[in-house]
Amino acid sequence: MIRLGLCCIFRDEPIKFRRTTAAYLQRQTRDEGLRYLSEIAAANAAALKAALRYCRDNGIGAFRINSQILPLKTHPQAGYAVNDLPGHARIVADFKACGRFSRQFDIRTSFHPDQFIVLSSPQADVVRRSVADLVYQAEVAEWVNADVINIHAGGAYGDKQAALGRLAAVIDSLPPAIRTRLTLENDDRSYTPRDLLPLCERSGLPLVYDVHHHRCLPDGLSEEMVTAKALRTWDREPLFHLSSPADGWAGSKPNRHHDFIDPADLPVTWLKRDLTIDIEAKAKEVAVKKLLKFLNKQGAGHMTGQARGDILKRGASR
DNA sequence: AGCGGTCAAGTTGAT
DNA sequence: ATCAACTTGACCGCT
């Protein structure tokens, strides 16, 4: 029932995604740069396939794809169209093969555009560039069968309600490829579940409930309450986030992520339901496998007969 | 071959 | 007023 998700990269497994920098590209001719970007894109499509295969083979049910899978795609100078890349047909075909693999083995994929993607900004150009990046990520999402593009609400600018109003207006203007995948996540600085739930309910956007952020920035709503409300914003399998604090809850910086997940940080109300939990832990696949092992043991421990093993959608022991 | 400074972008909050 | 912290390494220039 529960599936655990791995975020973007591996700690031990030799699966790497490549990148480059604008400075490096700008020292070359346009053609040389595009050839280089094409190599990286092809390598990243291969790495994604390897990542999905790893997930399948290790009982990991979801994989978050780094937003730099096509590096510098929308950079003002170094940016490019897919069709500019030499061998683009093959590259797109490779990504689409990842999409078929994802469907075939039920490995859910998602995107999490980084902090520069801000739809609530009062600066029109910031919003324009953010939307351009979402267009790119939605294009790749179509290829690879990703059903979630998850963003934060952005800055508060001293007036959260005004910022949320701008956000809602931008959301309404987005093309379907983005709109149908877009989700909102509570953050640990400005926007709590209490802030976001009304917008989610009104705009029909699912809430990606990050319980770690909620613990860092509480809003008076209980975890049980937010869990229940967030579940209702989803028209498909919900996706939540989980992490543990690096130095414990009493440490100086509880918002920093630990290498692993302390099972005590997993809300009990999340168990035994259809749910994707993205594991934000620095030990990456090692941390996911460790939690899977714990949950399997746990599931077998307090359940009997037919229910045995059903706690997890995908078993860890293969 | 290996090391380490640097990397497109926005916003906040700590100093 | 400046700058690290967010996700987090991987890359590229230099020795």
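Proteins get letters first, then strands, A, B, ... in listed order; numbering begins at 1 in each. All values reported here derive from a predicted model rather than from experimental measurement.
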Side chain of A:K16 (C-beta onward), nearest among C:dT8, C:dC11, C:dA10: C:dA10

Do A:F116 and the base of B:dG10 stack face to face, with centres under 5.5 Å apart and an angle between planes under 30°? no

Give A:Q77 one of three labels, base, sugar-phosphate or nothing, depending on what nucleic acid heavy atoms sit under 4.0 Å from its own. nothing

Which of the following nucleotides, B:dA9, C:dT8, C:dC11, is nearest to the side chain of A:Y36? C:dC11

Short side-chain N/O contact from A:Y157 to OP1 or OP2 of B:dT11, under 4.0 Å: yes

Separation of B:dG10 P from A:I151 CD1 (nearest whole Å): 15 Å

Need to verify one output field. Residue with the more 5' nearest nucleotide on DNA chain B, A:S121 or A:A22? A:A22

When you match A:R18 and A:D114 each to their closest nucleotide on DNA chain C, which lands nearer the 5' end? A:D114

With rounding to whole Å, what would you report as the distance between C:dC6 and B:dA8 at their C1' atoms? 16 Å

Check the distance between B:dA8's C1' and A:L70's CG and give it to me in whole angstrom. 16 Å

Under 4.0 Å between any heavy atoms, over every strand shown, what does A:R129 touch: base, sugar-phosphate, or nothing? Just pick one. sugar-phosphate

Side chain of A:I117 - closest among B:dA9, C:dC11, C:dG13: B:dA9

N or O in side chain of A:K282 less than 4.0 angstrom from C:dG9 OP1/OP2: no

Is A:R215 paired with A:E223 through a side-chain N to carboxylate O contact shorter than 4.0 Å? yes

In plain terms, say whether A:D195 and A:K160 are close enough for a salt bridge, that is, a side-chain N and a carboxylate O under 4.0 Å apart. yes

Per atom distances to the A:R19 side chain, the nearest of C:dC12, C:dT8, B:dA8 is C:dT8

Salt bridge between A:D147 and A:R108, side-chain N to carboxylate O under 4.0 Å? yes

Both A:P71 and A:G155 contact DNA chain B. Taking the nearest nucleotide for each, which residue is further toward the 5' end? A:P71

Scan A:A156 against the nucleic acid and name what it touches under 4.0 Å (heavy atoms): base, sugar-phosphate only, or nothing. sugar-phosphate

Between B:dA9 and C:dC3, how far apart are the P atoms? Round to whole Å, please. 15 Å

Nearest whole Å is fine: how far is C:dC6 C1' from A:D210 CG? 12 Å

NZ of A:K96: more than 12 outside heavy atoms within 6.0 angstrom? no

Counting only side-chain nitrogens and oxygens, does A:Q123 get under 4.0 Å of the OP1 or OP2 atom of B:dT11? yes

Would you call the rings of A:W249 and A:H212 parallel, tilted or perpendicular, where under 30° means parallel and over 60° means perpendicular? tilted

Could you give the distance separating C:dT8 and B:dG2 at their P atoms, to the nearest angstrom? 27 Å

For B:dA9, the nucleotide meeting Watson-Crick or G-U wobble distances (both under 3.5 Å) is none

Just how far, in rounded Å, is C1' of C:dC11 from CZ of A:R27? 11 Å

Can you tell me if A:R189 touches the phosphate of C:dA5, counting only side-chain N or O atoms and a distance under 4.0 Å to OP1 or OP2? no

Base, sugar-phosphate alone, or nothing: which one does A:H112 contact when heavy atoms must sit under 4.0 Å apart? nothing

Minimum-distance nucleotide to A:H75 side chain [options: C:dC12, B:dA8, B:dT11]: B:dA8

Assess whether atom CZ of A:R30 is packed by more than 12 heavy atoms of other residues, nucleotides or ligands within 6.0 Å. yes

Charged N to carboxylate O below 4.0 Å: is that the case for A:R181 and A:E142? yes

Looking for any heavy atom pair under 4.0 Å, which part of the strands does A:T74 touch: base, sugar-phosphate only, or nothing? base

Winner on side-chain proximity to A:D133, out of B:dA9, B:dC7, C:dG13, is B:dA9

